Amino acid sequence: KTFTFYRDDYKLPGKVYLPEGGGPFPTVIISSGAGVTYTYSEDYAKEFVKEGIACVVFNFAMYKEATILTNVKDLYIVIDGVLSMSEIDQNNLFLWGHSYGGLTTTYVATQRMEEIKGVILLEPSYQLNAQAAKMNTEEIIEATGIADVCLKDLCSFDIFELIPNYIGPVLVFNGNAASGMQEARDEFMAELKKGVELFPSAELITIDGADHSFSGEAKAPLMAKAVEFVKENMD
């Protein structure tokens, strides 16, 4: 089913994939990485449906001043809209976030704890929040390409202070074939592991041969673990 939710005048289009039957179904909401539309995540959604799990994919509001906290607001709207659907099991709602969407998902999970049964994260970009706290405006814009308005939002919170608030189960994936400068990659992984350690209940799984996008053959083992995680943790 297609849908369009709204935050003020901004459209949040998406789809909900439903298994056969009347439901209600355990459900995963997928937040994609920066600048990526929901079509990127539809293959994941189709795999969840095969296992009797509903899946929601959507687009964050695409406009020039979109930031981490506007994405958070978007995800709030999507959660509220999805929970109003009769096919969705309100007691078994899971969040999935990749990269920038993983940072968004982590923030939201810590604020909507009672509604979120579990969280799946694919290389969440915790290093952006850490960099924002250490670097001046000019340095981080040059290093990351992030606009000034985005930087201000990143500097407004510390994700590592928020993470311990989410006490539900968390599954975090990383790949060992991601490209980029080794120093930057080392910093990325250091911040990711710091986040994993701060969650009260989290597991980190490395997918051999996976790049940051978990493309190609990496999707199969990732999905197998993700489906297992949802089934083990739903009521």
Side-chain angles (χ1 to χ4, degrees), residues 1-7 11-33 36-61 71-122 124 165-173 199 201-203 205 214 219-220 222-235:
K1 293 183 177 181
T2 59
F3 62 77
T4 300
F5 298 135
Y6 291 86
R7 179 174 59 77
K11 292 183 178 181
L12 308 173
K15 292 181 181 179
V16 53
Y17 283 80
L18 297 167
E20 294 183 1
F25 304 104
T27 302
V28 177
I29 298 178
I30 294 182
S31 295
S32 300
V36 178
T37 64
Y38 69 71
T39 57
Y40 181 84
S41 301
E42 288 187 280
D43 287 345
Y44 294 127
K46 293 172 184 177
E47 292 302 315
F48 274 122
V49 165
K50 291 178 183 178
E51 300 293 333
I53 301 165
C55 190
V56 175
V57 294
F58 73 99
N59 289 349
F60 291 105
N71 280 5
V72 166
K73 293 177 182 178
D74 292 347
L75 185 49
Y76 286 166
I77 295 294
V78 173
I79 290 173
D80 291 339
V82 167
L83 288 176
S84 71
M85 299 177 181
S86 61
E87 302 95 337
I88 303 306
D89 183 350
Q90 296 186 8
N91 295 318
N92 286 298
L93 184 66
F94 294 78
L95 298 184
W96 162 309
H98 177 220
S99 193
Y100 197 66
L103 179 58
T104 302
T105 294
T106 301
Y107 188 107
V108 170
T110 67
Q111 306 302 305
R112 307 279 298 253
M113 294 170 284
E114 293 183 0
E115 297 158 293
I116 309 306
K117 192 69 175 176
V119 176
I120 300 168
L121 301 168
L122 283 60
N165 294 330
Y166 183 74
I167 62 174
V170 179
L171 183 62
V172 184
F173 292 100
F199 278 112
S201 179
E203 179 183 5
I205 294 179
F214 296 89
K219 285 187 176 181
L222 186 153
M223 278 305 305
K225 289 289 186 181
V227 168
E228 179 183 354
F229 174 81
V230 172
K231 289 186 174 181
E232 286 182 350
N233 289 289
M234 66 186 189
D235 287 337

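Please read these numbers as outputs of a predicted model, since none were measured by experiment.
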Spatial distance of atom NZ (Lys46) from atom CD (Glu42) [nearest 0.5 Å]: 6.0 Å

When you compare the side chain of Ile30 with that of Cys55, does any pair of heavy atoms fall below 4.5 Å? yes

Scan for salt bridge (Lys or Arg N to Asp or Glu O under 4.0 Å) pairs involving residues 19-29, sequence neighbours excluded, and state none if there are none. none

Could you check whether any side-chain N or O of Tyr166 sits under 3.5 Å from a backbone N or O of Ile116, counting only pairs where one atom can act as donor and the other as acceptor? yes

To the nearest 0.5 angstrom, please state how far the CG atom of Leu121 sits from the CG atom of Leu103. 10.0 Å

Can you sort out the partners of Ile167 under side chain to side chain contact (heavy atoms under 4.5 Å, CB included), two or more places apart, ordered by chain and number? Pro200

Please name all residues satisfying salt bridge (charged side-chain N to carboxylate O under 4.0 Å, His left out) with Lys225, sequence neighbours left out, ordered by chain then number. none

Can you name the nearest heavy-atom pair linking Ala54 to Ile88, along with the distance? CB-CD1, 4.3 Å

Sequence neighbours excluded, the answer for ring pair (Phe, Tyr, Trp, His ring centres under 6.0 Å) partners of Phe199 is none

Applying side chain to side chain donor-acceptor pair (under 3.5 Å) to Ser32 and not counting sequence neighbours gives Ser41

What pairs with Phe48 under ring pair (Phe, Tyr, Trp, His ring centres under 6.0 Å), at least two apart in sequence or on another chain? Trp96

Under the rule for side chain to side chain contact (heavy atoms under 4.5 Å, CB included), what residues qualify as partners of Lys11, not counting sequence neighbours? Thr4, Tyr6, Pro13

Report yes if some heavy atom in the side chain of Thr106 is under 4.5 Å from a heavy atom in the side chain of Val119; otherwise report no. no

To the nearest 0.5 Å, atom CZ of Arg7 lies from atom CG of Asn71 at 8.5 Å

Do Tyr44 and Leu222 come close enough that some side-chain heavy atom pair is under 4.5 Å? yes

Does any pair with a residue in residues 101-111 pass salt bridge (Lys or Arg N to Asp or Glu O under 4.0 Å), and if so which ones, sequence neighbours excluded? none

State which residues pass ring pair (Phe, Tyr, Trp, His ring centres under 6.0 Å) with Phe94; sequence neighbours excluded, sorted by chain then number. none

Roughly how far, to the nearest 0.5 Å, is CG of Leu122 from CD1 of Ile205? 10.5 Å

Keeping Ser31 on the side-chain end and Ile29 on the backbone end, is there a donor-acceptor pair under 3.5 Å? no

What heavy-atom pair brings Asp89 and Pro24 nearest, and what distance separates the two atoms? N-CB, 3.6 Å

Under 3.5 Å, is there a donor-acceptor pair between the side chain of Asp74 and the main chain of Phe60? no

Quick one: side chain to side chain contact (heavy atoms under 4.5 Å, CB included) partners of Tyr76, sequence neighbours excluded? Val72, Tyr107, Val108, Gln111, Arg112

Aromatic contact between Tyr40 and Tyr38, with the criterion being ring centroids under 6.0 Å apart: yes or no? no

Could you tell me the separation between the CZ atom of Phe173 and the CE atom of Met223, rounded to the nearest 0.5 Å? 9.0 Å

In Å and rounded to the nearest 0.5 Å, what is the CD1 to OG distance from Ile79 to Ser84? 12.5 Å

Show the atom names and distances, to 0.1 Å, of all donor-acceptor pairs under 3.5 Å that link a side chain in residues 227-235 to residues at least two apart or in another chain.
residue, atom, partner, partner atom, Å
Lys231, NZ, Glu51, OE1, 2.8
Asn233, ND2, Phe229, O, 2.8
Asp235, OD1, Lys117, NZ, 2.8
Asp235, OD2, Lys117, NZ, 3.2

Qualifying residues under side chain to side chain donor-acceptor pair (under 3.5 Å), relative to Thr37, sequence neighbours excluded: Thr39

For the student: nearest non-hydrogen atoms of Val16 and Phe3, plus distance: N-CE2, 3.9 Å

Before accepting this row, confirm whether a basic side-chain N of the pair Glu47/Lys219 lies closer than 4.0 Å to the acidic partner's carboxylate O. no

Would a 4.5 Å heavy-atom cut-off, applied to side chains only, mark Glu87 and Lys1 as touching? yes

